[in-house]
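First, the structure itself, so that you have it in front of you.
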Amino acid sequence: MNYGIAIHGGAGTILRSSMTAEKEEQYTHALRTALHIGFAILDKKGSALDAVEAAVRSLEDCPLFNAGKGAVFNSEGKHEMDAAIMDGSDLCAGAVSLVQNVKNPVSLARKIMENTSHVFISGPGAEQYAQAFGLRLETDEYFHDDFRWEQWQKSLLAGKTILDHTDTNDKKFGTVGAVACDALGNLAAATSTGGMTNKHTGRIGDSPMIGAGTYANNKTCAISCTGHGELFIRAVVAHDISALMEYKNLTLSEACEEVVMKKLVVMEGEGGLVAIDKNGNIEMPFNSEGMYRALKSSAGKEVVAIYK
Ligand code: ASP
């Protein structure tokens, strides 16, 4: 049985011309580290669920990405983070939105999936669960990042909500996510994000919405998205790909092409995703300039890439 993992650190206008060799090396290193953490779990016959959670935690802890430490500022200068996780073997899912001070929102999503009768908890209610489950909390200072702060000041001056992806001067992009297929053929997906710079307080993107930014089903595939959340919600991107495979018998590659390169493009929904099917096939399509991405499979394939 083939097994493997794919991860992303956000998609957007990521141009080689605006990247230094040093920065590129930092991103590549962070992606490879997360990839190897996830793959090592699969290699030891661990579960896809454990692999995606561990890979996403590693990316959340890295300030280069817009999730956990490094999350962007909202319209009130706060961090409101969203995350979700889904187990393709039983369609169980957990999600949180608008959480503050939780070091690893993806692990809170998993606790909600496994230890409560709920799927999706927002704000203070989710933070209560974080405390009840003994998850690590951090101060506002932990989440503060000078680059993100400047990014927010710029968007305040411009009076707009900036998609991390569209400002070509920005060197940091991205929501993070992972999908995996383990040696038993079980699939899982996880996504975590700080959302969009200067987003209105209370705004929730596609990342924590099951079926929009995150989805996993052993019958079809596991998907984690990154991009303009509002469009990804309206296009129900992740579930749409699964549905094309389940009801129309499309392959993973055909279904991704249909949704990312056709449907989203018509709607002007910039972004991409990582996807894996039950046979361990991996796709990493995006319609933006670039996407921080990586994959590793039991067949010996390893890719870490940023640009088109
Ligand atoms: N999809 C995320 C959101 O809209 C942003 C991202 O992918 O970076 O919240």
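Predicted model only: the values in this text are computed from it and were never measured. In each ligand, atom 1 is the first atom listed, and ligand 1 is the first ligand listed.
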| said: Considering both backbone and side-chain atoms of Glu230, is one of its nitrogen or oxygen atoms within less than 3.5 Å of a nitrogen or oxygen in ligand 1? | reply: no
| query | Phe65 vs Tyr27 aromatic rings, parallel, tilted or perpendicular, using cut-offs 30° and 60°? | reply | perpendicular
| message | Under a 3.5 Å cutoff, is there a donor and acceptor pairing between the side chains of Gln26 and Lys23? | response | yes
| Relative to the heavy atoms of Asp206, which atoms of ligand 1 are at a distance of less than 4.0 Å? | 1 (N), 2 (C), 3 (C), 4 (O)
| query | Atoms of ligand 1 less than 4.0 Å from Arg203 heavy atoms? | reply | 3 (C), 4 (O), 9 (O)
| remark: Within 4.0 Å of some non-hydrogen atom of Gly227, the atoms of ligand 1 are 1 (N), 2 (C), 3 (C), 4 (O), 5 (C), 6 (C), 7 (O)
| query | In ligand 1, which numbered atoms sit nearer than 4.0 Å to a non-hydrogen atom of Thr226? | reply | 6 (C), 7 (O), 8 (O)
| What pairs with Lys69 under salt bridge (Lys or Arg N to Asp or Glu O under 4.0 Å), at least two apart in sequence or on another chain? | none
| task | Using distance alone, determine whether Met196 and ligand 1 share an N or O pair under 3.5 Å. | result | no
| field | Lys248 atom NZ, neighbour heavy-atom count above 12 within 6.0 Å | value | no
| Looking only at atom types and distance, does a side-chain atom of Ser224 sit under 3.5 Å from a main-chain N or O of Ala190, one as donor and one as acceptor? | yes
